[in-house]
Amino acid sequence: MQDAMSPLMEQLMFFHDHTLIILIIITSIVAYMMTTLIFNSIVNRLLLEGQLIEFFWTFLPALTLIFIAFPSLRLLYLMDEVNKPLMTLKIIGHQWYWSYEYTDFMNIEFDSYMKSYDKMSNEFRLLDVDNRTILPFSTQIRLLISSFDVIHSWAMPSMNIKVDAVPGRLNQA
């Protein structure tokens, strides 16, 4: 993952690590139990009546799901829609470029084309553009995203934003 540029993305990375640790523990326990069952030939007659073990193999997965679900619900709540943004940016995807409109500031509009390879110097190939979008820091911004012709995907992974631009549909982030 890229470095987090927002508190929300940082929390999502912590949740990813939290879930990964739980999965590693479950995988380790299952692998240990399988290897002991393969190499152990001891038969225990008390395992024929297994009400206690049935309770645990029902209770432990439910407890595991709770440990994953509560942080996930918290993050879903935090990612919910912003009620009063200070700025709105309208993004329209075209076949080979993006159009941006700052609708709050006297309709400032510009197009953003991908830079050709011969005009680049120490920049990311196929990622850098001629007109970059400038957004303020530490403010709530509403993104209205749509497409003119085909389905596009507008993303900013370090901020946990990825929205599909679909023709005839207005998506919000």
Side-chain angles (χ1 to χ4, degrees), residues 1-93 98 100 124-128 132-147 150-173:
M1 291 186 193
Q2 291 183 357
D3 292 339
M5 294 295 166
S6 69
L8 184 60
M9 184 61 188
E10 204 167 81
Q11 291 295 316
L12 282 171
M13 290 172 70
F14 289 148
F15 175 69
H16 173 266
D17 296 343
H18 169 75
T19 309
L20 192 62
I21 291 296
I22 291 174
L23 289 175
I24 288 172
I25 291 171
I26 290 171
T27 305
S28 301
I29 291 171
V30 169
Y32 172 74
M33 291 174 70
M34 287 177 65
T35 54
T36 55
L37 283 173
I38 290 171
F39 295 114
N40 191 356
S41 62
I42 300 173
V43 177
N44 189 350
R45 67 178 178 84
L46 296 176
L47 287 179
L48 295 176
E49 289 291 325
Q51 288 148 355
L52 183 64
I53 196 166
E54 285 177 5
F55 169 76
F56 279 115
W57 77 40
T58 305
F59 177 73
L60 289 179
L63 189 67
T64 305
L65 288 176
I66 288 172
F67 274 115
I68 293 174
F70 282 139
S72 174
L73 290 173
R74 185 180 146 270
L75 281 174
L76 282 173
Y77 177 75
L78 289 174
M79 289 172 36
D80 199 16
E81 182 177 326
V82 178
N83 291 334
K84 296 180 182 178
L86 296 175
M87 181 178 160
T88 300
L89 176 65
K90 185 177 176 185
I91 304 166
I92 301 171
W98 292 92
Y100 295 95
F124 292 111
R125 185 177 162 275
L126 300 176
L127 290 177
D128 208 7
R132 294 183 180 178
T133 305
I134 307 297
L135 297 173
F137 184 74
S138 294
T139 58
Q140 299 288 337
I141 301 169
R142 175 186 293 140
L143 304 174
L144 299 175
I145 302 170
S146 185
S147 175
V150 296
I151 298 175
H152 299 280
S153 182
W154 194 89
M156 195 182 308
S158 62
M159 299 280 288
N160 183 39
I161 301 172
K162 184 174 190 305
V163 182
D164 289 332
V166 180
R169 181 175 178 180
L170 190 64
N171 290 329
Q172 180 175 316

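For Leu78, the side chain to side chain contact (heavy atoms under 4.5 Å, CB included) partners at least two apart in sequence or on another chain are Leu8, Arg74, Leu75. For the ring-ring contact (aromatic ring centres under 6.0 Å, His included) test, no residue two or more places apart in sequence or in another chain qualifies with Phe137. Among residues two or more places apart in sequence or in another chain, the side chain to side chain contact (heavy atoms under 4.5 Å, CB included) test is passed with Leu170 by Leu144, Ser146. The side chain to side chain contact (heavy atoms under 4.5 Å, CB included) search around Thr139 returns Leu86, Pro136, Ile141, not counting sequence neighbours. Partners of Trp98 by side chain to side chain donor-acceptor pair (under 3.5 Å), not counting sequence neighbours: none found. Residues passing the side chain to side chain contact (heavy atoms under 4.5 Å, CB included) test with Asp164, sequence neighbours excluded: Ser153, Lys162, Val166.
Considering every non-hydrogen atom in both Ala165 and Ser147, the closest pair reads O-CB, 3.4 Å. Across every non-hydrogen atom of Met159 and Met9, the tightest pair is C-CB, 4.3 Å. In terms of heavy atoms, Phe15 sits closest to Ile68 at CE1-O, 3.5 Å. When all heavy atoms of Thr36 and Asn40 are compared, the pair lying nearest together is O-CB, 2.8 Å. Here the shortest heavy-atom pairing between Asp3 and Ser158 reads O-CB, 3.4 Å. Considering every non-hydrogen atom in both Ile161 and Ala173, the closest pair reads CG2-CB, 4.4 Å.
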**Prompt:** What do the steps show when you test Lys84 against Gln140 for side-chain contact (heavy atoms from CB on, under 4.5 Å), and what is the final call?
**Reply:** CA-CA 8 Å; Lys84 296 180 182 178; Gln140 299 288 337; over 6 Å; no
**Request:** Apply the test side-chain contact (heavy atoms from CB on, under 4.5 Å) to residues Leu89 and Thr133: give CA-CA distance (whole Å), side-chain angles for both, the deciding distance (0.1 Å), then the verdict.
**Result:** CA-CA 10 Å; Leu89 176 65; Thr133 305; 3.7 Å; yes
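The neighbour count for Ile151 CD1, taken as heavy atoms of other residues, nucleotides or ligands under 6.0 Å away, does not exceed 12.
Met34 contributes atom CE, which lies 11.0 Å from atom CZ of Phe39 (distance to the nearest 0.5 angstrom). Rounded to the nearest 0.5 angstrom, Leu143 CG and Trp154 CH2 are separated by 5.0 Å. In this structure, OG1 on Thr58 lies 8.5 Å from CZ on Phe55, to the nearest 0.5 angstrom. Here CG of Leu63 is found 11.0 Å from CZ of Phe56. Values are rounded to the nearest 0.5 Å. Atom CG of residue Leu12 and atom NE2 of residue His18 lie 13.0 Å apart, to the nearest 0.5 angstrom. Rounding to the nearest 0.5 Å gives a distance of 12.0 Å between CD1 of Ile145 and NE2 of His152.
Of the options Val30, Thr35, Ile29, a side-chain contact (heavy atoms from CB on, under 4.5 Å) to Met33 is made by Ile29 and by none of the others.
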